[in-house]
Amino acid sequence: MKSHSWAAKRFKITKKNKVMTKKSCNNHLLTNKWASNKKSPYGKQLSKVDSKMIKNLLPYK
């Protein structure tokens, strides 16, 4: 069974089984943004329904 490559690039599963996704606005024009906004790109936790779908796409993580 393979994991879906697009899901592996966009989501991260933590040790406590939370599915995290990247925050927006972290690509370009970073000189005008505060350091606290740029620090960790993985910052948003998905809802339970969405995380269940993503866990099916990433079976080995």
Side-chain angles (χ1 to χ4, degrees):
M1 205 174 165
K2 291 183 179 179
S3 61
H4 286 253
S5 60
W6 69 268
K9 291 173 188 175
R10 287 165 177 80
F11 300 104
K12 177 182 170 184
I13 298 178
T14 62
K15 287 182 182 179
K16 294 186 178 184
N17 254 353
K18 295 178 184 176
V19 178
M20 306 296 277
T21 185
K22 289 183 181 179
K23 289 192 270 184
S24 60
C25 306
N26 251 351
N27 293 334
H28 63 288
L29 301 175
L30 296 175
T31 55
N32 300 333
K33 297 174 184 170
W34 290 8
S36 60
N37 291 342
K38 296 185 282 186
K39 272 186 185 169
S40 67
Y42 284 96
K44 281 176 97 176
Q45 182 180 355
L46 291 181
S47 64
K48 289 183 181 181
V49 177
D50 292 335
S51 63
K52 195 172 186 181
M53 288 191 309
I54 297 301
K55 285 178 187 175
N56 287 336
L57 295 175
L58 302 172
Y60 300 114
K61 291 205 173 193

- Query: With Trp34, which residues qualify under side-chain contact (heavy atoms from CB on, under 4.5 Å), at least two apart?
  - Reply: Ser36, Asn37

- Query: Should Leu57 and Phe11 be marked as a side chain to side chain contact (heavy atoms under 4.5 Å, CB included) after you check the CA-CA gap, both sets of side-chain angles, and the distance that decides it?
  - Reply: CA-CA 10 Å; Leu57 295 175; Phe11 300 104; over 6 Å; no

- Tell me, please, which residues at least two apart from Leu30 pass side-chain contact (heavy atoms from CB on, under 4.5 Å). Asn26, Lys33, Lys38

- Task: Could you pull out all residues at least two apart from Asn17 that satisfy side-chain contact (heavy atoms from CB on, under 4.5 Å)?
- Result: Ile13, Lys55

- Item | Shortest non-hydrogen separation from Ser51 to Val19 and the atoms involved | CB-CG2, 3.6 Å

- Test side chain to side chain donor-acceptor pair (under 3.5 Å) applied to Asp50 - qualifying residues, sequence neighbours left out: Ser47

- Note on the structure: Smallest heavy-atom separation, Met20 atom then Thr14 atom, equals CG-CG2, 3.6 Å

- Task: Quick one: name the residues clustered hydrophobically with Met53, using the 4.5 Å side-chain heavy-atom rule over I, L, V, M, F, W, Y, and just say none if it's on its own.
- Result: none

- Task: Answer yes if Val49 and Ile54 sit in the same cluster of Ile, Leu, Val, Met, Phe, Trp and Tyr residues linked by side chain heavy atoms under 4.5 Å apart, and no otherwise.
- Result: no

- Query: Transitive ILVMFWY cluster of Met1 at side-chain heavy atoms under 4.5 Å: who else is in it?
  - Reply: Tyr60

